[in-house]
Amino acid sequence: MPGHIKLTKSGQPDPDPSEFLVPSPEMKRADMNKAYDSQKSVWIPDPKTGGYREGLLDSGSLDDPASKCLVFVAHEKFTHKASEIGKVNPPKFEKCEDMVNLTFLNDASVYWNLKTRYQAKLIHTYSGLFVVVVNPYKRYPLYTHRVAKVYLGKRRNEVPPHLWAIAETAYRGMLNNAKNQAMLITGESGAGKTENTKKVITYLAIVASSGKKSDKKVSLEDQIVATNPILESYGNAKTSRNDNSSRFGKFIRIHFSGSGKLAGCDIVSYLLEKSRITEQQEVERSYHIFYQLLQEFGSTIGEGLKELCHLSDDIYDYNFVSQGKTKVESIDDNEELEFTEDAFNVLGFQEEEKFDCYKLTAAVMTFGEIRFAQKGRDEQAECQEVGSDSFAFKAATLCGIDVTSMIKAFCKPRIKVGTEWVTKGQNIEQATNAVGGIARAIYDRLFKWLIEKCNETLIDVTMKKANFCAVLDIAGFEIFDYNGFEQISINFVNEKLQQFFNHHMFVVEQETYVGEG
């Protein structure tokens, strides 16, 4: 999947991560020599970029919010209210590791600190209890076994900012206090939430591996990491802002024994975006698995996936999954199918279970090609094409049901009225909507079954579970041209989480300080 850790070839040491963790001495010297006036250096809004720029205060008082202040930026003069101006921090705070330590805490100082650290390839920055990770859209050697050793057993203030310092803090807090821990990963779509979730799981698997290795049996650590390709194939899609966006939320609990060894894992899913299964906007794509089924690697699986799933070679034969993009530059669907297939095998899926998953996925695609016609002058819908080459027959076969009974259920469903069953006639639009509803319901149930099946294989029944570390990873905040119910629900959850963030970050911390006097 995008973001998979690319392990170095055997015998080669992991690259040195120092330049991605701490500023170099040259950077520090350059920062200390930066021009600065403790009384006059200020930030003012920049309407061109929507950000801020640094200038020198010429006149006005910053203590009075209503005061008009004159600020020089190079040779230009700008007038702003004092409330719009923020003070610049002294040079010793350049590329500050924890923004809580800044002398002047304002929007401009926070943005500037994140920007300068990002430009110096320092993507992790603390903000009190949280770590802010800015997506570099590149592979940095920050998540190797060498880096894991740096953070193992260390306090947060002893090492540079890193996602794994937070994971280590949670793990040690669980061991020392015998209390369950939870990590919340939030951000807009494309910020890197799912990738960071994978990195947290990888770290916990490294530091808490049970040590029970066997040539015949796949280790629990490998199984936990192997859930990612399956969940991403069935739950991730391309959106307008992100090529590999999680379209569902997940709460992953990683269980440990009393001695801190890995004892299993379970996953709870939330809010799978079902509308995407049958319709997409122009620049978007449906779930990755649909496009993987038509790839060349499929011919090496069993007797061939296309033959098994009664699929053609052209994705445009299937309207449900070809209304938007069908190819994504950054994703190799053929390679992803290989990852998905390997993950099914690592997790111990039976051959029949695995092929049933592929068949039902293909059935969902095929349902979109069932066509209805009007019967005579009635508004009654009927499907005339039910032969062995028809899409209706293929969909029914993939679902393991009789095609005549299936079409009858769409065109003349039986409904219960009081204590009696009656047959209800449906027109073309109603029958078509019924097919879409069934397709969405099948995919939703398949996804939930996959998670249940993963959970069954991820619990080590031979080990006693004492506590867990959990990670909450939800779908990102997005605003589309057309926002469906699912996206509004996702945005609402993000908003509530942000309020929780603010409350915990400011209100609860303030109460703690007051309590401590």
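This one's a predicted model, so the numbers in the text were calculated from it and none came from an experiment.
- Geometric assessment of Arg371 against the ring of Phe391 yields a negative cation-pi assignment under the 6.0 Å and 45° thresholds.
- A donor and an acceptor atom, one from each side chain of Asn319 and Glu369, are nowhere located under 3.5 Å apart.
- Between Gln281 and Ser240, the side chains place no donor N or O within less than 3.5 Å of an acceptor N or O (distance only, hydrogens not considered).
- Between Glu452 and Lys448 no salt bridge is recorded (no basic side-chain N to carboxylate O distance below 4.0 Å).
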Determine whether Glu284 and Lys325 satisfy the following criterion, salt bridge (charged side-chain N to carboxylate O under 4.0 Å, His left out), listing intermediate values before the conclusion. CA-CA 6 Å; Glu284 299 193 349; Lys325 298 277 186 186; over 6 Å; no
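- A side-chain N or O of Asn467 and one of Asn180 form a donor-acceptor pair less than 3.5 Å apart.
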Could you go step by step and tell me if Tyr287 and Thr361 meet the side chain to side chain donor-acceptor pair (under 3.5 Å) rule? CA-CA 10 Å; Tyr287 294 103; Thr361 307; over 6 Å; no
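- Ring pair Phe447/Phe248 is perpendicular by interplanar angle, where above 60° counts as perpendicular and below 30° as parallel.
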Give the C-alpha distance, both sets of side-chain angles, the deciding distance and a yes or no for side-chain contact (heavy atoms from CB on, under 4.5 Å) between Cys469 and Phe256. CA-CA 8 Å; Cys469 280; Phe256 299 90; 3.9 Å; yes
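- Side chain to side chain, Tyr358 and Gln292 fail the donor-acceptor criterion of an N or O pair below 3.5 Å.
- Checked against the 6.0 Å centroid criterion, the rings of Tyr140 and Phe20 qualify as a close aromatic pair.
- With respect to Asp473 and Lys193, no salt bridge is recorded, no charged nitrogen being found less than 4.0 Å from a carboxylate O.
- For the salt bridge (Lys or Arg N to Asp or Glu O under 4.0 Å) test with Lys306, the passing option among Asp317, Asp314, Asp313 is Asp313; the others fail.
- In this structure, Lys199 is positioned above the aromatic face of Tyr143, its NZ or CZ under 6.0 Å from the six-membered ring centre and within 45° of the axis.
- A donor atom on one side chain and an acceptor atom on the other are not found under 3.5 Å apart for Gln380 and Glu382.
- Lys424 and Gln426 are linked by a side-chain donor-acceptor pair at a separation below 3.5 angstrom, with hydrogens and angles left out of the test.
- Atom CD1 of residue Ile301 and atom CZ of residue Phe297 lie 5.0 Å apart, to the nearest 0.5 angstrom.
- Between Phe367 and Tyr318, the ring center distance fails the sub-6.0 Å criterion.
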Derivation and outcome, side-chain contact (heavy atoms from CB on, under 4.5 Å), residues Ile315 and Met365: CA-CA 9 Å; Ile315 191 69; Met365 297 167 65; 3.9 Å; yes
Does the pair Asp333 and Arg285 meet the rule for a salt bridge (charged side-chain N to carboxylate O under 4.0 Å, His left out), with working shown? CA-CA 13 Å; Asp333 289 316; Arg285 194 171 89 150; 3.0 Å; yes
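- Side-chain N/O atoms of Ser189 and Arg241 include no donor and acceptor closer than 3.5 Å.
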Run the ring pair (Phe, Tyr, Trp, His ring centres under 6.0 Å) check on Trp164 and Tyr151 step by step: do they pass? CA-CA 7 Å; Trp164 283 353; Tyr151 290 88; 7.3 Å; no
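- Between Tyr291 and Glu336, the side chains place no donor N or O within less than 3.5 Å of an acceptor N or O (distance only, hydrogens not considered).
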